[in-house]
2 protein chains.
Amino acid sequence: MSQEEILAEKKKAIFESTLELVRENGFHGTPMSLVAKKAGVAAGTIYHYFDSKDTLIIALHGYLRSRMFKTMLDGDDETRDFESRFFTFWKKHYHFYVQNPNALYFIEQFVNSPYYERCPEKENDRCQNIIAQFLKTGIETGVLKQMNLKLMSILVHSSVVTTAKVSLTKKVEIGETELQQVAQVIWDGIKQ
Amino acid sequence: MSQEEILAEKKKAIFESTLELVRENGFHGTPMSLVAKKAGVAAGTIYHYFDSKDTLIIALHGYLRSRMFKTMLDGDDETRDFESRFFTFWKKHYHFYVQNPNALYFIEQFVNSPYYERCPEKENDRCQNIIAQFLKTGIETGVLKQMNLKLMSILVHSSVVTTAKVSLTKKVEIGETELQQVAQVIWDGIKQ
DNA sequence: TTTTCCCAATTGAACGTTCATTCGGTAGGC
DNA sequence: GCCTACCGAATGAACGTTCAATTGGGAAAA
């Protein structure tokens, strides 16, 4: 095993530990000592990889972003018609969040906190960009309404996030029927 | 001025102070000493009204809820047709959030934090209930799609919140046109 | 091949600070 | 004289961060 892989492993352990603890206890309820313990490293080790707690949290956010990015890209069959591509797309995003609840809650906490202000990638939300790029073709080909692209992307994205949160908190049982219904609502809303 | 009103004034000052500081610095970046200073009271005084910092924050959340509740109820003209009532309703909600950004950000931080788990009013979200009650008549009269009421309410509510956040962060300039557009997307999505 | 040396990785106890909370005391209305 | 509202310095625990010490693997020297 190479030096680099070991390095990556420790870093990853710290990330995973932080992710879980922040989800459970929030930013302020997550002491570095606990992060260290859960990650199986010494407290000082964290500071070998990150300058401070804030840096760690901002880095974790970036790490989650890129993981999400990778997951969300593949599996799009461009030969199919735009409508069914939209539904597949929407549901895939939904499932990603449901399968990664820790990431969802961390990110939601993060973007609503003052951390987000200081976040370098704030402007270039790649996750939003993936959606935007997809919707763009829909608008250009006249399948979707003429509308500010960014605005439409955010609306679609927020519907996914909202539905995932509803599902995870079990406020409403989300089966295949409900999933289809919600996606349909958004589709009917944006289609020309 | 009655005893009660004086009491209300100090309490309110503490609430407002907390609200502003939490919005700016997050929960963990808001020490009680600062809350006290900004509210113009002694640190100990806060503990005359609240058992702990957590209690204060949960109480503030309840306080904001009831203020929102009051604001959002009035101004509905039941004689008009359902569609235009929906648009007025949607926009009124939007404007409330835009005019109370501190409340919006506080609540968004709150509901995504572990505080929310321990929140007694978690189940009975009155704000969601107002929306639900309104949409209910729409579903019953066949103007809206047949769909889980709670789910529809949450979707509508989240679209309002999302749009307000977009507007406040100026990611997209939200004028009357854009506002109408977004409301239209949601309306087209839920209408029968 | 063996020995030496170096440096990055790692440790965890110790430090200094920050912060929530406490508490003894004052003021004033009833 | 009692009770409620209020004060703010003092307290002690918790926490982020530091640092002197240790390890181990690999490169350079022998």
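First the proteins, then the strands, lettered A, B, ... as listed; each starts at 1.
With hydrogens and angles disregarded, a donor-acceptor distance shorter than 3.5 Å links the side chain of E178(A) to the backbone of G175(A).
Protein atom CD1 of I14(A) is 11 Å distant from nucleotide atom C1' of dT10(C), rounded to whole Å. Rounded to a whole Å, the CG atom of D51(B) is 14 Å from the P atom of dC23(C). Atom NE2 in H48(A) sits roughly 14 Å away from atom C1' in dT23(D) (whole-Å rounding). We find that NZ of K11(B) is positioned 12 Å from P of dC6(D), with the value rounded to whole Å. Across the protein-nucleic acid pair, L21(B) atom CG and dC19(C) atom P stand 12 Å apart, rounded to whole Å. Rounding to whole angstrom units, CD1 of residue I46(B) and C1' of dA9(D) are separated by 15 Å. Between the P atom of dT4(D) and the CD atom of E9(B) lies a distance of 21 Å, rounded to the nearest Å.
Ring centroids of F15(A) and F50(A) are separated by less than 6.0 Å, placing the two rings close together. The ring of H93(A) has its center closer than 6.0 angstrom to the ring center of F89(A).
Y94(A) and S167(A) share a donor-acceptor pair across their side chains, judged by distance under 3.5 Å alone. Counted by atom type alone, S159(B) and T162(B) present zero donor-acceptor pairs between their side chains at under 3.5 Å.
Surrounding CG of D81(B) are more than 12 heavy atoms belonging to other residues, nucleotides or ligands, all under 6.0 Å away. In this structure, D77(A) places its CG atom where more than 12 heavy-atom neighbours from other residues, nucleotides or ligands lie under 6.0 Å away. In E24(A), the CD atom is crowded: over 12 heavy atoms of neighbouring residues, nucleotides or ligands sit closer than 6.0 Å.
Not one side-chain nitrogen or oxygen of Y49(A) sits closer than 4.0 Å to the OP1 or OP2 atom of dA9(C). OP1 and OP2 of dA9(C) both lie 4.0 Å or more from every side-chain N or O belonging to T45(A).
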Paired and unpaired positions of DNA chain C as dot-bracket, Watson-Crick or G-U wobble under 3.5 Å, | denoting a partner strand: ||||||||||||||||||||||||||||||

Strictly under 3.5 Å: I want the nitrogen or oxygen pairs between protein and nucleotides 13-16 of chain D, one per line.
unit_1  : atom_1 : unit_2 : atom_2 : d
dG16(D) : OP1    : K53(A) : NZ     : 2.5
dG16(D) : OP2    : M32(A) : N      : 2.6

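The aromatic rings of Y115(B) and F110(B) lie parallel to each other, with less than 30° between the two planes, well short of the 60° mark.
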